[in-house]
Colleague: 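What follows is a structure written as structure tokens; I'll ask about it next.
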Amino acid sequence: MKLRAAIVGLGGISRTHIAGWTETEGVEPVAGADVNAEAVARAVEQGLTGYSDWREMLDTEKPDIVSICTPPFLHPEIASEALKRGIHVVSEKPMAADVPGARVMAKAAAESDALLMVAYCHRFHGPILKLKELLDEGILGKPIFFRGCFTGLSDMEHNHRGSLRQAGGGALMDNGSHAVDLYQFLLGRIANVSCRAGTFLQQMETDDVALMIFEGEKGCYGEVLVGYSVPPQFTEWRIAGAKGVLSLDDYGSGPVRFWSRETNEWTEYECDNSLTRFQRQFQHFIECIRDGRQPCSNAETALHTQQAIAAAYQSARGKGLPVK
Ligand SMILES: NC(=O)c1ccc[n+]([C@@H]2O[C@H](COP(=O)([O-])OP(=O)(O)OC[C@H]3O[C@@H](n4cnc5c(N)ncnc54)[C@H](O)[C@@H]3O)[C@@H](O)[C@H]2O)c1
């Protein structure tokens, strides 16, 4: 029997979840809920049963899985209610709009037999998996410096990402959390952070440019640069270590390149792009349900990312030391 998936929040990313549950073997999307009637109508056209109230959907449909695709401030309440009902949850990132919200979700997950995955999809991206494989093989020796830049030109003035209450932060909370999560995935947990986050070009409450530097628990320094108002030409992914440099010049598909200090040569490593990061993410979750194991991006890893981002915003408010 197929697992039945329902989706709460039928905006932009919900399309990826509906497609993901349609493509993944052993699952089918059955219902969707949104407060926006047009969004519900679109989902009904795609064959889902539509609801305006997500609680009613959970109680009527009794799905096996719920995808949470709402703005972040709603993730904790919806996830907790679903987990209490024994429904497996895939919540979009960031886990929540703040650390208390993320803790509520982590507690609900700990008290439930159902699984929670926070959809930090870049962990499943072909080039990132190749980077991880090479790092785990020790190609770099001791990692020293990580740089992750997710930049692009996106108008967020009329998006939930521009609202402090709904999103908890702007580019740093949104794309920065992906980059911080990738540092955690590749190189381990973060020990301390410093940050600048500002609103440069867009009229909104949250940051459209942010720069975060930090130190990992294993010592490797990290730098994350994100922005809704910084052209994608600024995108750069590099890790330096004792034995050389790993570089992902084309984030979309790779290859991963390694410069060896010993030989002074670059070597290219092809990436497995046969599946998208989303396809791998949804498959992974179903495998976790079947095997009864925690997903790779779980309450613990996502809470850590949320804490690192919160510490970064706190640092940004402090403005550092004056030069005099
Ligand atoms: N993993 C990724 O790469 C990725 C990409 C895009 C978005 N996201 C995340 O997905 C989430 C949603 O982003 P989006 O771009 O789809 O936003 P969106 O604004 O396009 O869609 C959000 C939807 O939630 C609905 N909604 C609001 N309150 C609701 C409620 N009480 N009940 C039901 N529906 C409600 C809105 O009406 C809207 O349709 C965010 O957390 C975002 O960070 C992740």
Side-chain angles (χ1 to χ4, degrees), residues 6-20 31-44 46 48-59 61 66-82 89-98 101-102 105 116-125 128 148 150 152 154-182 185 204 206-207 226 228 251-252 276-282 284-285 295-297 302 305-306 309:
I7 296 100
V8 183
L10 297 167
I13 196 65
S14 72
R15 295 182 188 109
T16 307
H17 286 246
I18 296 169
D34 200 300
V35 288
N36 179 327
E38 284 173 25
V40 176
R42 275 197 306 272
V44 170
Q46 288 182 272
L48 303 191
T49 306
Y51 292 84
S52 57
D53 181 331
W54 58 265
R55 276 194 185 80
E56 188 192 334
M57 177 177 76
L58 297 188
D59 291 336
E61 297 288 336
V66 66
S67 278
I68 304 178
C69 301
T70 62
F73 77 113
L74 294 168
H75 297 176
E77 186 186 5
I78 302 169
S80 303
E81 291 276 333
V89 173
V90 177
S91 171
E92 264 307 336
K93 46 55 61 180
M95 193 174 189
D98 52 27
M105 276 169 86
L116 167 68
M117 175 167 80
V118 180
Y120 278 113
C121 55
H122 289 272
R123 285 180 177 235
F124 303 94
H125 188 49
I128 293 295
F150 270 131
S154 322
D155 179 357
M156 294 300 183
E157 288 183 10
H158 306 292
N159 190 282
H160 75 260
R161 293 164 180 82
S163 155
L164 207 49
R165 183 182 72 86
Q166 292 195 56
L172 183 62
M173 183 66 84
D174 181 12
N175 295 330
S177 65
H178 270 306
V180 164
D181 181 68
L182 285 185
F185 180 55
M204 57 185 197
T206 61
D207 47 295
V226 287
Y228 297 141
Y251 187 87
T276 68
R277 55 181 177 267
F278 297 110
Q279 288 169 326
R280 283 201 188 95
Q281 167 182 272
F282 293 114
H284 172 72
F285 193 59
C296 141
S297 173
T305 293
Q306 193 89 38
I309 296 291

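The shown structure was predicted, so the numbers you read here are calculated from the model rather than taken from an experiment. Indexing begins at 1, ligand by ligand and atom by atom, following the structure's order. When a residue number appears, it is its place in the shown sequence, counting from 1.
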Colleague: Restricting to salt bridge (Lys or Arg N to Asp or Glu O under 4.0 Å), what partner residues turn up for Asp59, sequence neighbours left out?
Modeller: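 So Asp59 forms a salt bridge (Lys or Arg N to Asp or Glu O under 4.0 Å) with Arg85.
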Colleague: Determine which pairs satisfy side-chain hydrogen bond (donor to acceptor under 3.5 Å, both in side chains) with at least one residue from residues 9-18, sequence neighbours left out, and list them in order.
Modeller: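 Counting only pairs at least two positions apart or across chains, the side-chain hydrogen bond (donor to acceptor under 3.5 Å, both in side chains) contacts touching residues 9-18 are His17-Ser67, His17-Glu92.
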Colleague: Any side-chain to backbone donor/acceptor pair from His122 onto Leu182? Under 3.5 Å, distance only.
Modeller: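 Checked: no pair found.
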Colleague: Around ligand 1, what residues show up once you keep those with a heavy atom under 4.0 Å from it?
Modeller: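 For ligand 1, the contacting residues are Val8, Gly9, Leu10, Gly11, Gly12, Ile13, Ala33, Asp34, Val35, Asn36, Trp54, Cys69, Thr70, Pro71, Pro72, Leu74, His75, Glu92, Lys93, Pro94, Ala119, Cys121, His160, Arg161, Asp174, His178.
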Colleague: With ring centroids as reference points, do His125 and Tyr251 lie under 6.0 angstrom apart?
Modeller: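 Centroid separation for His125 and Tyr251: below 6.0 Å.
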Colleague: Tell me every residue that passes salt bridge (Lys or Arg N to Asp or Glu O under 4.0 Å) with Asp174, counting only those two or more places apart in sequence or in another chain.
Modeller: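 Expected list: Lys93, Arg161.
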Colleague: Should Ser177 and Gln306 count as side-chain neighbours, where that means a heavy-atom distance under 4.5 Å?
Modeller: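 In short, these two side chains do not touch, never coming nearer than 4.5 Å.
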